[in-house]
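Following: one structure in structure tokens, then a few remarks.
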Protein chains: 2
Amino acid sequence: MQIVIEHSRKDIHNSDIPVVCAACEARHGGVCGTLTPRQLTELSRHAARRRVEPGGEMIGQGEAANNYANIIRGVVKLSKMLSDGRQQIVGLQFAPDFMGRPFMRESALSAEAATDTDVCAFPRAVIERLVAEAPGLEHRLHQQALKELDEARDWMLTLGRKTAQEKVASFLYLIATHVDPENGVAKEFDLPLSRADIADYLGLTIETVSRQITKLRKEGVIRVDNSRRVSVPDSRRLMRHAGIDC
Amino acid sequence: MQIVIEHSRKDIHNSDIPVVCAACEARHGGVCGTLTPRQLTELSRHAARRRVEPGGEMIGQGEAANNYANIIRGVVKLSKMLSDGRQQIVGLQFAPDFMGRPFMRESALSAEAATDTDVCAFPRAVIERLVAEAPGLEHRLHQQALKELDEARDWMLTLGRKTAQEKVASFLYLIATHVDPENGVAKEFDLPLSRADIADYLGLTIETVSRQITKLRKEGVIRVDNSRRVSVPDSRRLMRHAGIDC
DNA sequence: CGCGGCTTTTGATCTTGATCAAATGATCGC
DNA sequence: GCGATCATTTGATCAAGATCAAAAGCCGCG
């Protein structure tokens, strides 16, 4: 009994938590939040911080996925490719999302950094061992899978039924709501994706994306400082252009 | 100790399993497979078989989702709608899939029977109670969520980057591989969806779907006996038309 | 500064799939 | 079996977005 109390006190004072973790931005948001100090130590012993440059491939389609990771900073594109090179981005992961595929040996997607990205990576065996002993961890992973499923289905509606204009507005709205998720819709932000990436996310061509951005700018829905920096004076108006009822 | 042995013997002989469950086609495939006889009894006391006709709405977009269900027979469409009526089917569920959204009070989708469908429905409170006590159950639900996520992402590639021809071929291939999942690709089958539904699944119009089916028929990739019944002499050829490398 | 290699924008034209319209085919009640 | 109704196919035209082409910006670097 005394040991239990001792443990919980240590948890509160963080004295048992590995130094790297105590300072980690994803400490509470990622998978780590549900772990005990003991488990966190176990995980951190096999974990490694890595920095990835924009365009850096983290895992290729069809490759063995032996690593899992928490995104500490940056945006990662998940994409699928047809044999003739046509590409579709099927998901964007923002910090502090967890990346990786529990209980599956090979990836059907490729993951590539869109921006400068920091991840905390660890081998699949470790996370699977922890899942077996920590009941809350699988719940956390399950919740993230459901969140990603919702996002994927929202995007299917965008891909299948929206016009080019609505698609581009939907993308801008998505970014505005994700750059700083705590603070609602950002008024001004940098696009983490190039025009080519945006096109691959929206199922359009670069030219169409560019034209629609120009159109939104001319209509005063957005302001474009340079090709990456965008401001949104009225997020409601952007939503309406995105076909989102508000 | 004796009690445990007694229980496992009863399980083997099914004597503790509710009559409805013992005869249930989804007994092993759905959520039920991981439950103990005791839990199965608990679940079945609150469960009700329901038959739903094609077009019957099971849960509307934005409604409270107070029921969960196993699909015993049939195909269910999950769809999303824009405020102006444009619709996108974002998933098809085949028996013995589990339907419902753990830990979320309201549905962002509507679920509607595509064919004659039998479900075994039970209140959300019961399943959530069982999840808390049966560790294997959440794992099963997690696996299904990941499977649906994979399917959603595959379909995003189809929606965003494939031609109308490839989309229709992809749909036919999907159905061929799902009508009788045990036996690989079916050579002949009934389409569970109308042309309008297929269009809503593929992000196309009814007319385009019809024209592409006609085209595939004229090219000898498929045979069409009546509008619902299709045969596929060479599944590899269908795959190639679907843009799937094989 | 000015050059070479990028990404992005803009322009002209073409193609795919949408739209509008009508004919054909299936199904059901009577 | 016979209309009525609904689903599907087929046809003619249109338009959104793709494609092809070139110009304009935007660096980093000598």
Side-chain angles (χ1 to χ4, degrees), chain A residues 53-55 77 82 84-88 114-116 158-172 190-219 222-230 241-243, chain B residues 53-55 77 82 84-88 112 114-116 158-172 190-219 222-230 241 243:
Chain A
E53 313 237 296
K77 308 174 286 181
L82 255 17
D84 63 2
R86 281 174 290 174
Q87 199 172 22
Q88 175 69 44
T115 64
D116 257 310
T158 300
L159 288 173
R161 289 306 189 193
K162 289 189 185 174
T163 64
Q165 170 94 207
E166 289 169 328
K167 284 181 177 182
V168 170
S170 297
F171 170 75
L172 294 172
D190 280 309
L191 297 176
L193 270 59
S194 69
R195 298 293 186 266
D197 285 339
I198 299 173
D200 280 344
Y201 196 27
L202 295 171
L204 297 171
T205 58
I206 301 176
E207 294 95 324
T208 299
V209 170
S210 177
R211 277 185 246 272
Q212 295 303 333
I213 288 180
T214 301
K215 195 144 166 271
L216 288 169
R217 178 170 54 70
K218 287 187 174 161
E219 288 170 349
I222 57 171
R223 242 163 43 81
V224 180
D225 295 323
N226 62 58
S227 68
R228 286 293 183 117
R229 187 138 196 99
V230 171
H241 279 263
Chain B
E53 313 236 296
K77 308 175 287 182
L82 253 19
D84 63 1
R86 282 174 289 174
Q87 199 172 22
Q88 176 68 46
E112 195 176 308
T115 63
D116 257 311
T158 300
L159 287 173
R161 288 306 187 193
K162 290 189 186 174
T163 64
Q165 170 93 209
E166 290 168 329
K167 284 181 176 181
V168 170
S170 296
F171 170 75
L172 294 172
D190 281 308
L191 297 176
L193 268 59
S194 69
R195 297 293 186 267
D197 286 338
I198 299 173
D200 280 343
Y201 196 28
L202 295 170
L204 297 171
T205 57
I206 302 175
E207 294 93 324
T208 300
V209 170
S210 177
R211 276 184 247 271
Q212 295 303 334
I213 288 180
T214 302
K215 195 144 166 271
L216 288 169
R217 177 171 54 70
K218 286 186 175 161
E219 287 170 349
I222 56 171
R223 244 163 42 82
V224 180
D225 294 324
N226 63 57
S227 68
R228 287 293 184 118
R229 187 137 196 100
V230 171
H241 279 262

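In what follows, every heavy atom counts, from backbone to side chain, and hydrogens, waters and symmetry copies are set aside.
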Comparing A:S227 with A:Q212, nearest DNA chain D nucleotide closer to 5' gives the residue A:Q212

Against the side chain of A:E207, the closest entry in C:dT8, D:dG17, D:dA21 is D:dA21

Taken to the nearest 0.5 Å, the spacing of B:K167 NZ from B:I198 CD1 works out to 13.5 Å

Rounded to whole Å, the CZ-C1' distance (B:R228 to D:dT9) equals 15 Å

Whole-Å distance, A:L216 CG to C:dT9 C1', equals 15 Å

B:K167 NZ to C:dT16 C1', in whole Å, measures 11 Å

- Student check: side-chain heavy atoms of B:K162 and A:L82 closer than 4.5 Å: yes

Of A:T208 and A:R161, the one whose nearest nucleotide on DNA chain C sits closer to the 5' end is A:T208

*Close side-chain approach of B:L216 and B:L172, heavy atoms under 4.5 Å*: yes

Sorted by chain and residue number, the salt bridge (charged side-chain N to carboxylate O under 4.0 Å, His left out) partners of A:R229 (sequence neighbours excluded) come out as A:E188, A:D190

Checking C:dT9, C:dG17, D:dA18 against the side chain of A:T205 (C-beta onward), the nearest is D:dA18

Taken to the nearest whole Å, CD/B:Q165 to P/C:dA18 is 14 Å

dist B:Q212:CD -> B:E207:CD (nearest 0.5 Å) comes out at 12.5 Å

Between its two end axes (five pairs each) the helix from C:dC1-D:dG30 to C:dC30-D:dG1 turns, nearest 10 degrees, through 30°

Picking from D:dA18, D:dT9, C:dG17, the nucleotide nearest the side-chain atoms of B:S210 would be D:dT9

Taken to the nearest whole Å, CD1/A:I206 to C1'/D:dA18 is 12 Å

When you measure from the side chain of B:Q88 to the backbone of B:D200, do you find a donor-acceptor pair of N or O atoms at a distance under 3.5 Å? yes

Interatomic distance, CD@A:E166 vs NE2@A:H241, rounded to 0.5 Å, equals 10.0 Å

Decide yes or no, distance alone: a donor-acceptor N/O pair under 3.5 angstrom between the base of D:dT19 and the side-chain of A:R211.
yes

TODO: Quick one: label A:I213 by what it contacts on the DNA or RNA (base, sugar-phosphate, nothing), any heavy atom closer than 4.0 Å.
DONE: nothing

Rounded to whole Å, the CZ-C1' distance (A:R195 to D:dA24) equals 14 Å

Query raised in the report: Between A:R211 and A:I206, is there a donor-acceptor pair closer than 3.5 Å when you use the side chain of the first and the backbone of the second?
Result: no

With the side chain defined as heavy atoms from C-beta on, B:S194 is closest, among C:dT9, D:dC20, D:dT8, to D:dT8

From NZ of B:K218 across to P of D:dT9 the rounded distance in Å is 11 Å

From CG of B:D200 across to P of C:dA18 the rounded distance in Å is 12 Å

Assert: residue with more 5' nearest nucleotide on DNA chain C, out of A:V209 and B:G203, is A:V209

Among the nucleotides C:dT8, D:dT9, C:dT10, whichever has the atom closest to the side chain of A:T214 is C:dT10

